[in-house]
Undergrad: 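Okay, here's the structure, questions in a sec.
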Amino acid sequence: MIYGVSIDAFALTPDVADVFKAIRDDRVFAKSRVNVFPGGLAAAVGHYADKPTPQVILVEEEDDDATLLARIDHLAEVCEPGTRVVVVGKLNDIGLYRTLLARGVSDYLLSPVTPRQVASVLGAIFDDPSAPRKGRLVAVWGVRGGVGASTLAQNIAWETARATREDVIYIDLDIAFGTSGLAFNIDTKQTVADALGNPERLDQVLLERFLVAYDDHLQVLSSPGNPRAAQPIGVEALDKLLELALRMAPAVVVDLPHLWDVWTGHLLAAADEVLAVAVPDLVCLRDTKALVEALAGKRGDAIRLVLNRCDASRKTELSPRDFAEHLGLPPALKLPFDPALFGLAANNGQMLGETAKTHKVVELLGEFAVQLLGRAPAAKKPAAKSGFGASINAQSLLAWLKK
């Protein structure tokens with residue numbers, strides 16, 4: 001995922017315009033600002049005569065090499081220092097390519113181009129070996145209230161940290177009724193409400209002060225759990241919080257309230273993984289279908305369905321096959337009904353694995369948590385993360401694109 005990058009794209013032909021729009025709509029760039037304009041390179045020159053330039057400019061040009069170079073020179077005159085330019089053209093000329101690079105152009109792509117090619121170039125532009133690894137964002141959503149989504153989100157975060165021995169950040173975005181403080185048995189002076197209420201002040205140092213360490217690998221940004229502290233959540237403030245968190249840990253687990261709003265839809269569309277938690281009844285089947293339809297076209301892959309409290313009433317509940325047949329979405333995880341285990345852990349302020357290490361539910365959650373990161377359990381603690389950086393790791397982007 002590429003965060004916080006401003007990209008303006010100027011297309012001449014419909015095919016290239018479609019490629020630029022595909023980049024804009026790709027969830028890899030969901031946290032960046034991508035604008036698509038007509039007119040190609042010539043339009044870009046005029047556009048920035050009285051406007052600030054973004055971090056990256058994509059331009060298409062179909063004229064001869066002399067016209068292309070002249071327009072590139074004019075664009076350089078109106079661009080701010082540090083702006084990266086990528087040119088799409090039809091001239092297959094190695095001499096032109098070298099000349100463009102010598103004049104400061106980041107890359108030249110021979111049309112026709114594909115979204116994958118453009119995305120790879122953008123990743124390479126922001127590649128920095130010293131940049132910290134990018135985290136994986138897991139959003140947990142209860143398809144309706146009371147299905148146990150928050151409990152599962154908390155335990156998945158803990159199981160991921162325990163199994164991989166890598167840093168995990170858990171963020172409770174249910175400001176009014178979040179349970180993270182009680183579930184983890186922690187006291188916090190600053191909560192997610194404080195982080196989102198002052199986005200202009202938020203940086204890595206401040207976020208580290210807000211986070212509470214639950215153990216060696218899991219950090220928690222808890223909710224105040226107070227309706228009086230509830231506030232509207234802005235998309236920009238949320239993006240900044242998540243950007244910082246994802247630079248600080250390989251995995252960030254976010255617990256969403258059962259509230260459909262602009263910011264919840266935005267986060268669900270942009271997350272690397274969406275876990276839809278349901279219980280096997282008709283209402284959850286309906287609400288899961290509504291979620292799938294709401295996210296149709298906004299995500300490049302399907303959500304993962306988690307069925308909780310299975311076998312509580314075998315004669316009346318729906319089966320996993322019912323969900324698979326009606327949604328085309330077989331459950332990725334099925335958890336049996338065990339109120340004694342969940343109740344004991346909740347009363348003790350512990351995770352399920354701390355209450356009963358060898359329980360079947362704990363084993364299932366542990367296996368599932370590791371699958372979310374696509375790796376095997378670690379045998380030893382990984383090397384320390386590198387320092388904070390603003391650039392993008394191209395290898396991570398390319399690996400994602402090949403999935």
Undergrad: Quick test of your reading of the model: are Arg162 and Glu159 salt-bridged, counting only N-O distances below 4.0 Å?
TA: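 Salt bridge: yes.
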
Undergrad: Give a yes or no on this: more than 12 heavy atoms of other residues, nucleotides or ligands lie within 6.0 Å of atom CD of Glu200.
TA: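 Above 12, so yes.
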
Undergrad: Does Lys360 pair with Asp338 as a salt bridge, N-O distance under 4.0 Å?
TA: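 Looking at Lys360 and Asp338, the cut-off is not met.
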
Undergrad: So Tyr170 and Tyr214, ring-ring contact (aromatic ring centres under 6.0 Å, His included) or not? Walk me through it.
TA: CA-CA 10 Å; Tyr170 173 85; Tyr214 182 72; over 10 Å; no

Undergrad: Ignoring hydrogens and angles, tell me if any N or O in the side chain of Gln154 forms a donor-acceptor pair with the backbone of Phe184 under 3.5 Å.
TA: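 The answer is no, because no donor-acceptor pair under 3.5 Å joins these two groups.
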
Undergrad: Going through the checks in order, is the salt bridge (charged side-chain N to carboxylate O under 4.0 Å, His left out) test met by Lys240 and Glu236?
TA: CA-CA 6 Å; Lys240 185 171 184 181; Glu236 291 185 3; over 6 Å; no

Undergrad: Can a donor-acceptor pair be found between the side chains of Thr316 and Ser313 at a distance below 3.5 Å?
TA: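 Yes, side-chain donor-acceptor contact under 3.5 Å.
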
Undergrad: Within a reach of under 6.0 Å around CG of Asp50, are more than 12 heavy atoms found that belong to other residues, nucleotides or ligands?
TA: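 Yes, because the 6.0 Å sphere around CG of Asp50 holds more than 12 heavy atoms from other groups.
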
Undergrad: Tell me whether Lys189 at atom NZ has more than 12 heavy atoms from other residues, nucleotides or ligands lying less than 6.0 Å away.
TA: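 At most 12 heavy atoms, drawn from other residues, nucleotides or ligands, come within 6.0 Å of this atom.
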
Undergrad: Between Asp322 (side chain) and Ser319 (backbone), is there a donor-acceptor pair under 3.5 Å?
TA: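 Yes: the side chain of Asp322 pairs with the backbone of Ser319.
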
Undergrad: Over all heavy atoms of both residues, which pair between Asp187 and Val212 is shortest? Give the atoms and the distance, please.
TA: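 Result for this residue pair: O-CG2, 4.3 Å.
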
Undergrad: Testing the 3.5 Å rule here: is there a donor-acceptor pair between the side chains of Ser223 and Asp174?
TA: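 The answer is no; no qualifying pair exists.
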
Undergrad: Describe, in one word, how the ring planes of Tyr48 and Phe10 are oriented to each other, choosing from parallel (under 30°), tilted (30 to 60°) and perpendicular (over 60°).
TA: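 Rings of Tyr48 and Phe10: perpendicular, over 60°.
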
Undergrad: Does the side chain to side chain donor-acceptor pair (under 3.5 Å) test come out yes or no for Ser150 and Thr179, once each step is laid out?
TA: CA-CA 7 Å; Ser150 293; Thr179 61; 4.6 Å; no

Undergrad: Any salt bridge linking Asp281 with Arg144? Criterion: basic side-chain nitrogen under 4.0 Å from a carboxylate oxygen.
TA: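 Answer for the salt bridge query: yes.
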
